[in-house]
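Below is one structure, written out as C-alpha cells; the observations come after it.
Just so it is clear: chains get the letters A, B, ... in the order the sequence lines come, proteins before strands, and each one is counted from 1. A quick note: this is a predicted structure, and the numbers were derived from the prediction, not measured.
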Amino acid sequence: MSFHKKLATALEQALEQAQQKGLIVTANLPEITIERPAKPENGDYASSLPLKLARVIGMRPMEIADAILKNLPSIENIEKIDVAPPGFINFTISRKWLCGQVDIACKTGESYGDTDLDHKSVQIEFVSVNPTGPLHVGHGRGAVLGSTLANVLRSAGYRVSTEYYINDAGSQLDAFYRSLFARYRQCLGEEAELPENGYHGNYMIDFARQIVEVHKDKYLKMPPDEAVQEIGGIGIQMVMQKLKEDLEKLGVKFDVWFSELSLFQNGQFDKTMTMLREGSFVTERENAVWFASSTLGDDRDNVLIRTDGTPTYFASDIAYHYNKFVERKFDTVIDIWGADHQGHVSRMKAVMNAMEINPDRLTIIITQLVTLRRGQEIVRVSKRSGDLITLREVMDEVGADACRFVFLSRSADSQMDFDLELAIKQSADNPVYYVQYAHARICSILKNALEKGIDFSKGDTSLLKLEPELTLIRNMVKISEVIETVATGLEPHHLPFYAQELATVFHSFYKQCRVISDDDALTRSRLKLVKAAQIVLAKTLHLMGMTAPESM
RNA sequence: GCCCCUGUAGCUCAGGGGAUAGAGCACCGGCCUCCGGAGCCGGGUGCGAGGGUUCAAGUCCCUCCAGGGGCGCCA
C-alpha cells in the first residue's frame, strides 16, 4: 500500500477516535489529502487536515492537530510524526524503510518504480504525418511526447499500443504524385511545371533522381495518368522509408503502421458512413454530404463527402476512430496532434457521441507550436515552400538525446522556441549532459569497484545514515510517484525535471561521501546505493527514450 | 467576431488549493594531496493588471491587457 493511502487511513481512524473521546465535535469531514512538503524539514508527507477542519468544527488548527496526533495509530515505516504551525501534521519515513529500498532496487533492476495504476488497453497515435515529405521539428515534438508517454504508461501497468496513421488516401497525395512526376520529367530534360499547391522542396528532386536511376525513362512511355500513379506509389514508399529511419534515429518505434487506404479497401469506411446515416447524423445540401455535428454540440457542421464525390480527411478519421474503439476495442485512445489541428477536437468529440462511445475514452493532446530559430533568425518549416530545416538536420546538429530532452522539458501546452545556435553552443553546459554525466560517473565508480574485486552484493544498507545518502534514497524512491504523475496527467515534462534533481542529489552525495574507502563495510553499502542510483537514473533516461551512457 | 494555448528571476522554463514560489542558462565569488571538475558550495526585491471564492490562490472563477494558434468541400 502506498504511503498516501496508509496515511489517509490512519488520519481517518485518529479522527474517529478523537470524536469518540469527545475531543472533537463531529462535522462534515473534508476529503483527507496527503501532500508532499516542499521543504525537507517538514518531513516526507504532510496533511493539512487540521486547517481544513478548523472552520467547520470551530476549533483552533493546532488544537485539532494535537487531538489527531494523540489518537494516531502507529504507522508502518513512519518514524516521526509532528505537528507544525499553522496546523500541519508532518510524517517522516523511517530510515529503515529507505535503506530497504536500496536493496529492493538492486534486486528488481529496471522495473523498480513500476506501478499498477491501471491495466487498461490504451492506444497512442502520434506523428501520423502525411507521407509527402520529411519530418520537421514540430513533428519531432509530438513523436517524443508520444513515445515517452507510451514508455511511462507501460511502466504504470497499462497495455500500450503505439500507432502511426498513414494518410495514403487523401487529396494531398495527388498534388504530391503530380509534383514528383513533374520533377521526374525535369530530370529527364523535359519541360514540366509543378502543379499549383505542389511540393516544391528539394527533397522531391532527390526522389525523382533516384527514380530515374532505377527506372530510366520508363514512365515517359506510358500514359501520363498511369505514370503519375505508379511514380506516386514509389514516392510514398521512399518517403515512408525516410520517415521510419528518422523516427528510429529519434528513438521512436511504432507497434502498428495503419493505412488509411485500408479503411476503404476493407469496407470499414462505408460501414461507418452507413452507421452515421442510420443514426441521422448525416445531411445533404449544396451537393455535399455533411456530418451534423452542430446537433451534438459542435459549433458547425462538417463536410464528409465533397461535391466531387471524394471523402474528406474528417470522414476517414471517423472510420479510423470507429476502427480503434469498436473493431479493435481499445479502452482508451490518445491522439497527439499539432496546434494547427486544434479545431478538429470538438468535431471528434461530436463523432464519439454519434458513435455512442463515451467521449472520455478519447484524449486528444494538442502540442503547441515549435518555432525553429538560429539566433534572431526564424527558420520557416513549411513543407511546400521548399525552404525547410528537417528534424533529421536538427538531430544531426544537436543529437537525438538532446533533442528528446529539449522537447520533453516543456509541457505540451506551452509553445517553444528551438534555438539551434543556442542548443549547439550550450551543448557542454546542457542539462542533458549533466544528467548523463551523473550516470557515466556512477558507471565509472562501479567499474572501479569491479576492478578492485569488491563484491557488494551483500552490502549492509543499514549503514547508510548520512544526510546525503538518505537524500539520494529519498529522491530515488520518488520515481514511482513521478511515473504515476506522468501517467495520470499525461504530462511527460516532469521526467526531465526529475532526472535533473536525481543527478543533482547524486553529484552532491558523491562530493560529500567517498564511496570506495578503507572502510570495507561502508564501501560495500555505499556501492550498493550507487548501484541503486544507477538503476533509477538509467530507468528515468530510458523512460525518456534517451541513452544512459557508461562513459562520455 | 468566436474557440484553444500561453503570460512566473536578465533568458528558457517547473510549480497535483497549503508552510519562506523553485531549477537550468547567463553573471559574481569560493573549492582539485582523494572514486570522472561535463562536478561541488555560496550569491535572487520575480507570479501581466484588476476584482472574486477560500482559514489559505502562481494554482479555482470573472473582466481586461499582451503574445501564439485555429475558425476551407486542406490535412
- Task: Return the value, rounded to whole Å, for the distance between atom CD of A:Q500 and atom C1' of B:G15.
- Result: 14 Å
- Nearest-Å distance once atom C1' is located in both B:A49 and B:G10: 22 Å
- Message: Within the 4.0 Å heavy-atom criterion, would you say A:F314 contacts the bases, only the backbone, or no part of the nucleic acid?
- Response: nothing
- When we call it a touch if two heavy atoms are under 4.0 Å apart, what does A:K39 touch: a base, just sugar-phosphate, or nothing? sugar-phosphate
- Assign A:N90 to base, sugar-phosphate, or nothing according to its heavy-atom contacts below 4.0 angstrom with the strands shown. base
- Same-atom distance (P) from B:G22 to B:G58, integer angstrom: 13 Å
- Query: Base, sugar-phosphate alone, or nothing: which one does A:A339 contact when heavy atoms must sit under 4.0 Å apart?
  - Reply: sugar-phosphate
- Item | A:D417 CG - B:G68 P separation (whole Å) | 12 Å
- Message: Classify A:N167 by what it touches in the nucleic acid, base, sugar-phosphate, or nothing, heavy-atom distance under 4.0 Å.
- Response: sugar-phosphate
- Query: Distance-only, no hydrogens or angles: does the A:H439 side chain make a donor-acceptor pair with backbone N or O of A:P549 under 3.5 Å?
  - Reply: yes
- Item | Donor-acceptor pair present, A:Q415 side chain and B:G69 base, under 3.5 Å | no
- Can you tell me how far P in B:A14 sits from the matching atom in B:C60, rounded to whole Å? 14 Å
- In whole angstrom, what separates A:H341's NE2 from B:G68's P? 21 Å
- Message: Once you apply a heavy-atom cut-off of 4.0 Å, does A:P496 come out as touching a base, just sugar-phosphate, or nothing?
- Response: nothing
Give every donor-acceptor pair under 3.5 Å between a side-chain atom in residues 343-351 of chain A and any protein atom, sequence neighbours left out.
from	atom 1	to	atom 2	distance (Å)
A:H344	NE2	A:D317	OD2	3.0
A:S346	OG	A:D298	OD1	2.8
A:K349	NZ	A:P359	O	2.9
A:K349	NZ	A:L362	O	2.6

- Message: I'd like to check, for A:F88, whether its ring lies over the base of B:A19 with centroids under 5.5 Å apart and a plane angle smaller than 30°.
- Response: yes
- Check: A:F258 ring centre within less than 6.0 Å of A:Y320 ring centre: yes
- Message: Using a heavy-atom cut-off of 4.0 Å across all strands, would you classify A:N42 as base, sugar-phosphate, or nothing?
- Response: base
- Query: NA contact type, A:R36, heavy-atom cut-off 4.0 Å: base, sugar-phosphate, or nothing?
  - Reply: base
- Message: For Watson-Crick and G-U wobble pairs within 3.5 Å on both distances, what is RNA chain B written in dot-bracket notation, | included for inter-strand pairing?
- Response: (((((((..((((....[...)))).(((((.......)))))....(((((..]....))))))))))))....
- Within the structure shown, what part of the strands sits under 4.0 Å from A:E286 by heavy-atom distance: base, sugar-phosphate, or nothing? base
- Message: Counting the atoms with a prime plus P, OP1 and OP2 as sugar-phosphate, which does A:A440 contact under 4.0 Å by heavy atoms, base, sugar-phosphate, or nothing?
- Response: base
- Test side chain to side chain contact (heavy atoms under 4.5 Å, CB included) applied to A:K242 and A:Y203, step by step: CA-CA 11 Å; A:K242 273 195 100 71; A:Y203 62 91; over 6 Å; no
- Note on the structure: With syn meaning chi within 90° of zero and anything else anti, the base of B:C32 is syn
- Which part of the nucleic acid, if any, lies within reach of A:L369 when heavy atoms closer than 4.0 Å are counted: base, sugar-phosphate only, or nothing? sugar-phosphate
- Among the nucleotides B:C13, B:C35, B:C55, whichever has the atom closest to the side chain of A:R410 is B:C13
- In whole angstrom, give me the gap between the C1' atoms of B:C5 and B:G43. 36 Å
- Message: What's the gap between B:U63 and B:A21 when it is taken at their P atoms, as a whole Å value?
- Response: 30 Å
- Please confirm whether any donor atom in the side chain of A:T307 sits under 3.5 Å from an acceptor in the base of B:C73, or the reverse. yes
- Item | Distance, rounded to the nearest Å, where A:N302 contributes CG and B:C74 contributes C1' | 13 Å
- Can you check side-chain hydrogen bond (donor to acceptor under 3.5 Å, both in side chains) on A:Q172 and A:T132, steps first, answer last? CA-CA 8 Å; A:Q172 281 304 306; A:T132 52; 6.0 Å; no
- Would A:F3 and A:I93 count as a side chain to side chain contact (heavy atoms under 4.5 Å, CB included) if you check the C-alpha gap in whole Å, the side-chain angles of each, and the deciding distance to 0.1 Å? CA-CA 9 Å; A:F3 278 110; A:I93 296 173; 4.0 Å; yes
- The side chain of A:Q342 lies closest to which of these nucleotides: B:G39, B:A19, B:C3? B:C3
- Message: Give me the distance, rounded to whole Å, that separates B:G70 from B:C74 when you measure between the C1' atoms they each carry.
- Response: 13 Å
- A:Y437, nearest nucleotide to its side chain (from B:G39, B:C55, B:A75): B:G39
- Query: NE2 of A:H493 to CZ of A:R410: how many Å apart, nearest 0.5 Å?
  - Reply: 11.5 Å
- Salt-bridge test for A:E501 and A:K478: reply yes if a basic N is under 4.0 Å from a carboxylate O, no otherwise. yes
- Message: Applying a 4.0 Å non-hydrogen cut-off, can you work out what A:C443 is touching in the nucleic acid: base, sugar-phosphate, or nothing?
- Response: nothing
- Query: What nucleotide, of B:G16, B:C31, B:A19, holds the atom closest to the side chain of A:A84?
  - Reply: B:A19
- Could you check which of B:C74, B:A14, B:G39 has an atom nearest any side-chain atom of A:F497? B:A14
- Could you measure between the two P atoms, the one in B:C11 and the one in B:C64, and give it in whole Å? 28 Å
- Check ion pair A:D174-A:R178 (N to O, under 4.0 angstrom): yes
- Which nucleotide sits closest to the side chain of A:M416: B:G68, B:C13, B:C73? B:C13
- Calculate the interatomic distance between A:K478 atom NZ and B:A14 atom C1'; express it in whole Å. 12 Å
- Task: Give the rounded distance in Å between these two atoms: CD of A:E35 and P of B:A56.
- Result: 16 Å
- Scan A:E550 against the nucleic acid and name what it touches under 4.0 Å (heavy atoms): base, sugar-phosphate only, or nothing. base
- Could you label the plane-to-plane angle of the A:H321 and A:W337 rings as parallel, tilted or perpendicular, counting under 30° as parallel and over 60° as perpendicular? perpendicular
- Query: Using a cut-off of 4.0 Å on non-hydrogen atoms, how would the nucleic acid contact of A:A46 be classed: base, sugar-phosphate, or nothing?
  - Reply: base
- Go through the N and O atoms of the side chain of A:H344 and the base of B:A75, and report whether any donor-acceptor pair is under 3.5 Å. no
- Considering only atom P, compute the distance from B:A19 to B:G52 and round it to an integer number of Å. 22 Å
- Query: A:H494 NE2 to B:A23 C1': how many Å, rounded?
  - Reply: 14 Å
